[in-house]
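Only this structure's heavy atoms are used, side chains among them; waters, hydrogens and symmetry mates stay out.
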Amino acid sequence: MSRRLSILDEEDDDPMLSAVNLVDVFLVLVVALLTAVALQQQSQANETVIRNAGQPDMEIVVRKDGQEIKYRGNGGSAEGQGERAGVAYRLKDGSIIYVPEAGEGAVPGAPAAPAAPGPARP
């Protein structure tokens with residue numbers, strides 16, 4: 001009694017089977033490429049991280065275009081290290097207007113700073 005396996009007798013001549021296999025291969029390729037692009041975009045993203053906020057050893061780390069720049073505080077505040085450059089006003093609609101100071105360093109042709117708002121006079 002010899003038995004023949006029916007699997008060996010069948011021939012796979014269905015063209016749809018090879019097309020389905022090609023679609024599967026291309027889907028795997030597309031997923032791999034999308035993953036690679038997402039990882040590359042994530043590594044090149046601009047990011048700012050503040051470590052130990054409000055502490056004397058506070059550090060600001062800026063990652064820009066794949067480079068990391070660190071800024072460290074000296075433990076004190078920045079009082080007295082600058083000069084007044086102008087006045088900013090917040091309007092009722094929420095917008096902010098900056099008016100540079102008149103004098104040295106002012107933009108030529110810019111209007112002088114208006115008087116500080118106060119009570120209306122009769």
Side-chain angles (χ1 to χ4, degrees):
M1 298 198 180
S2 70
R3 281 186 172 176
R4 290 179 30 175
L5 293 174
S6 63
I7 297 173
L8 298 175
D9 289 338
E10 294 178 13
E11 293 185 24
D12 292 333
D13 289 335
D14 190 8
M16 287 303 291
L17 289 177
S18 61
V20 169
N21 287 338
L22 282 176
V23 168
D24 290 343
V25 168
F26 283 122
L27 283 175
V28 169
L29 252 159
V30 166
V31 168
L33 288 174
L34 286 175
T35 304
V37 167
L39 289 175
Q40 183 179 7
Q41 291 294 330
Q42 186 179 14
S43 68
Q44 291 182 354
N46 296 340
E47 182 179 17
T48 302
V49 178
I50 300 175
R51 296 182 185 149
N52 302 325
Q55 302 298 322
D57 61 341
M58 184 172 92
E59 179 179 52
I60 299 173
V61 180
V62 178
R63 291 185 185 106
K64 186 174 182 181
D65 299 328
Q67 295 180 348
E68 189 173 282
I69 303 169
K70 294 183 180 184
Y71 300 100
R72 292 192 178 122
N74 58 4
S77 64
E79 289 181 6
Q81 294 181 358
E83 62 183 52
R84 185 175 169 150
V87 181
Y89 295 99
R90 182 183 309 267
L91 302 179
K92 289 181 182 178
D93 64 356
S95 61
I96 296 177
I97 297 177
Y98 167 73
V99 181
E101 293 281 329
E104 290 186 34
V107 178
R121 295 185 191 167

### Message
Please identify which of these residues, V49, I69, T48, meets the side chain to side chain contact (heavy atoms under 4.5 Å, CB included) condition with R63.
### Response
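Only one of V49, I69, T48 forms a side chain to side chain contact (heavy atoms under 4.5 Å, CB included) with R63, namely V49.
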### Task
Could you give me the CA-CA distance, side-chain angles and deciding distance for N52 and E59, then say whether side chain to side chain contact (heavy atoms under 4.5 Å, CB included) is met?
CA-CA 7 Å; N52 302 325; E59 179 179 52; 5.8 Å; no
### Message
Hydrophobic clustering (ILVMFWY, side-chain heavy atoms < 4.5 Å, transitive) - are L91 and V99 grouped together?
### Response
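Yes, same cluster.
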#### Entry: Connected via hydrophobic side-chain network under 4.5 Å: I97 and V87
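Yes, same cluster.
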#### Entry: With sequence neighbours excluded, residues passing side chain to side chain contact (heavy atoms under 4.5 Å, CB included) with I96
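Only A88, R90 meet the side chain to side chain contact (heavy atoms under 4.5 Å, CB included) criterion with I96.
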### Message
Counting only heavy atoms from other residues, nucleotides and ligands, does the tally under 6.0 Å from CZ of F26 exceed 12?
### Response
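No - once you tally the heavy atoms of other residues, nucleotides and ligands closer than 6.0 Å, there are 12 at most.
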### Message
I'd like to know whether CD of E68 has more than 12 heavy-atom contacts from other residues, nucleotides or ligands below 6.0 angstrom.
### Response
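Enclosed: over 12 neighbouring heavy atoms sit under 6.0 Å from CD of E68.
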### Query
So how far is it from L29 CG to L34 CG, rounded to the nearest 0.5 Å?
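Rounded to the nearest 0.5 Å, the CG-CG separation comes out at 10.5 Å.
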### pair R51-V61: side-chain heavy atoms closer than 4.5 Å
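Yes. Closest side-chain heavy atoms under 4.5 Å.
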